[in-house]
Amino acid sequence: MQVRVSYGKSGITVHQKDGTTVALDPSRPNGCDYAFVSHAHLDHLHRKGNSTSKLIASKETSMIASARGYEMQGNEYDGFELVDTGHILGSRGLLTGEDVYYTGDLSTRERAFLKPARMPKAKTLIIESTFGKAGYSFPATDEITHNVNRIISDMYDMGIPVVLMGYALGKAQLLTKMFGHWDPVFVHDSVAKMNNVYSDLGVDLKDAVTYTEAEQKGLLSKRRPWIMIAPLMSGRSSFVQDMKVKYGAITIGFSGWAVDSQYPYRMGLDYAFPMSDHCDYSELVEAVRRCAPDKVYTFHGFAGEFAGSLKKMGFDAEPIEKRNGRAMSLDSFS
């Protein structure tokens with residue numbers, strides 16, 4: 001029996017030579033022998049329901065998921081290797097004993113307490129392609145940090161508060177670490193919840209007062225500057241409007257999509273920086289080269305464009321989603 005990969009309503013499934021099946025970040029229970037959860041962002045979690053699948057996940061992912069209301073207890077099993085993908089705390093890719101590597105979400109650059117992803121050698125690579133289109137190129141993290149610190153310094157000189165915004169899980173903890181040297185620093189309540197889990201898992205983050213407590217105690221002032229770390233949201237949201245109207249704060253957003261010069265205007269932000277938890281285009285290409293696979297399947301984002309680029313470079317690549325409902329034999333395992 002050959003190893004096969006299929007794509008269906010619940011996502012990607014690997015069918016192994018011994019007949020066992022592995023669901024990769026399934027969107028719903030699907031009856032596979034194993035279900036792999038790469039990390040604890042909500043688009044990668046689902047309610048277990050009546051699923052009998054053995055759950056594969058890192059300890060960190062299990063703890064963070066539980067804190068977000070998804071009770072799960074992931075384990076590691078013989079025949080599978082969990083590989084650090086550098087996306088958020090606890091994020092892992094899955095290398096099967098059949099020499100198939102699934103990346104989940106991927107970042108190959110070092111950021112604060114996060115190490116860069118490790119890319120193992122594999123015959124078949126299933127790789128995310130969120131920014132898999134030429135033109136998506138992120139500046140160095142040190143450059144972003146320098147520019148943001150300069151803006152904060154200018155604002156502090158003028159007595160203006162600054163709201164730093166990134167996803168509540170992952171980006172917000174990096175912002176807490178990278179800009180925690182400013183004082184005072186407050187955090188949105190949803191960020192505080194995730195910061196506490198990170199701290200429980202050994203990440204050294206500044207102990208900051210929550211937004212709710214700061215409001216109740218009158219710690220937020222229009223007369224002196226401060227930093228607030230909050231989830232990424234539109235400048236038209238009630239929270240951001242309160243920050244601006246009540247305290248005269250300016251907003252800085254962080255997202256890979258900020259490569260587009262129109263991004264801050266669409267989001268209603270004062271500033272935006274392209275700091276991502278994913279690889280940019282050139283980093284994705286380098287990740288594929290390091291893996292040196294015989295076959296590449298791309299998924300999510302610019303999957304078609306990335307597969308097309310890889311084919312021009314000599315790789316046997318295709319987007320997995322276009323094979324909807326069909327199982328594919330992986331010839332390298334025949």
Side-chain angles (χ1 to χ4, degrees), residues 40-45 64-65 67-70 88 130 144 147-149 151-180 182-199 205-278:
H41 277 147
L42 294 179
D43 59 334
H44 289 256
L45 300 176
I64 297 169
R68 308 192 89 185
Y70 289 79
I88 66 170
T130 303
I144 293 173
N147 290 333
V148 173
N149 276 321
I151 293 172
I152 295 173
S153 179
D154 289 345
M155 295 302 110
Y156 265 52
D157 287 345
M158 294 185 285
I160 298 174
V162 178
V163 181
L164 305 177
M165 296 195 293
Y167 297 126
L169 171 60
K171 194 73 61 62
Q173 288 69 52
L174 289 174
L175 296 177
T176 303
K177 186 69 173 181
M178 294 163 66
F179 302 105
W182 293 96
D183 191 64
V185 174
F186 304 107
V187 294
H188 190 277
D189 294 53
S190 62
V191 172
K193 184 177 181 180
M194 293 298 99
N195 281 9
N196 289 338
V197 180
Y198 270 51
S199 295
L205 296 178
K206 184 171 186 173
D207 188 16
V209 175
T210 65
Y211 163 64
T212 298
E213 184 180 351
E215 282 264 279
Q216 292 172 345
K217 294 183 176 180
L219 301 178
L220 303 179
S221 172
K222 201 171 186 177
R223 295 184 296 274
R224 67 184 182 94
W226 38 262
I227 299 289
M228 175 75 70
I229 297 173
L232 184 63
M233 62 187 83
S234 168
R236 294 169 285 279
S237 66
S238 59
F239 172 79
V240 174
Q241 287 300 305
D242 279 350
M243 294 295 99
K244 286 184 166 294
V245 173
K246 292 171 66 174
Y247 306 113
I250 63 108
T251 56
I252 305 177
F254 298 83
S255 169
W257 302 111
V259 165
D260 182 350
S261 61
Q262 296 301 307
Y263 180 82
Y265 303 104
R266 289 199 305 270
M267 290 293 292
L269 301 169
D270 294 303
Y271 301 90
F273 288 89
M275 188 174 82
S276 179
D277 296 325
H278 296 262

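This one's a predicted model, so the numbers in the text were calculated from it and none came from an experiment. Throughout, numbering of the chain's residues begins at 1 and tracks the sequence. Excluded from the calculations below are hydrogen atoms, water molecules and symmetry mates; all remaining heavy atoms, backbone and side chain alike, are included.
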Below 4.5 Å, heavy atoms only, C-beta onward: do [X] and [Y] meet side chain to side chain?
X    : Y    : value
M178 : I144 : no
I252 : F254 : yes
K206 : D183 : yes
P225 : I160 : no
I151 : F273 : yes
L169 : I88  : yes

Worked check of side-chain contact (heavy atoms from CB on, under 4.5 Å) between M275 and V148: CA-CA 11 Å; M275 188 174 82; V148 173; over 6 Å; no
Residue pairs fulfilling ring-ring contact (aromatic ring centres under 6.0 Å, His included) with at least one residue in residues 153-178, sequence neighbours excluded: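 ring-ring contact (aromatic ring centres under 6.0 Å, His included) check on residues 153-178 returns Y156-W182.
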For the [atom1] atom of [X] and the [atom2] atom of [Y], what is their distance to the nearest 0.5 Å?
X    : Y    : atom1 : atom2 : answer
H278 : S255 : NE2   : OG    : 8.5 Å
I250 : M155 : CD1   : CE    : 5.5 Å
T212 : K217 : OG1   : NZ    : 12.0 Å
N147 : I152 : CG    : CD1   : 11.0 Å
D154 : M158 : CG    : CE    : 6.0 Å
D277 : L174 : CG    : CG    : 6.0 Å

Any pair counted as salt bridge (charged side-chain N to carboxylate O under 4.0 Å, His left out), so long as it reaches residues 221-231, sequence neighbours left out: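 Every pair satisfying salt bridge (charged side-chain N to carboxylate O under 4.0 Å, His left out) with a residue in residues 221-231: there are none.
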F239: partners by ring-ring contact (aromatic ring centres under 6.0 Å, His included), with sequence neighbours left out: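 Once residues adjacent in sequence are excluded, the partners of F239 under the ring-ring contact (aromatic ring centres under 6.0 Å, His included) criterion are H188, Y211.
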Donor-acceptor contact present, side-chain S153 to main-chain N149, <3.5 Å: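 No; judged by distance alone, with no hydrogens or angles, the pair does not exist.
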Under 3.5 Å donor-acceptor, Q173 side chain and A168 backbone: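 Yes: the side chain of Q173 pairs with the backbone of A168.
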Closest non-hydrogen atom pair, [X] against [Y]:
X    : Y    : answer
A258 : A272 : CB-CB, 3.9 Å
S261 : P264 : O-CD, 3.5 Å
M194 : A67  : CE-CB, 4.1 Å

Partner residues of T251 under the side-chain contact (heavy atoms from CB on, under 4.5 Å) criterion, sequence neighbours left out: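 V163, M165, V240, K244, L269, D270.
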All side-chain contact (heavy atoms from CB on, under 4.5 Å) counterparts of A214, not counting sequence neighbours: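 In terms of side-chain contact (heavy atoms from CB on, under 4.5 Å), with neighbours along the sequence ignored, A214 is linked to F186, V209, L219, L220.
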Exceeds 12 heavy-atom contacts within 6.0 angstrom, atom CG of D207: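 Counting other residues, nucleotides and ligands, CG of D207 stays at 12 neighbours or fewer.
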Review item, side-chain donor-acceptor pairs of residues 228-236, under 3.5 Å, at least two apart:
| unit_1 | atom_1 | unit_2 | atom_2 | d |
| --- | --- | --- | --- | --- |
| S234 | OG | R236 | N | 3.0 |
| R236 | NH2 | R266 | O | 2.6 |

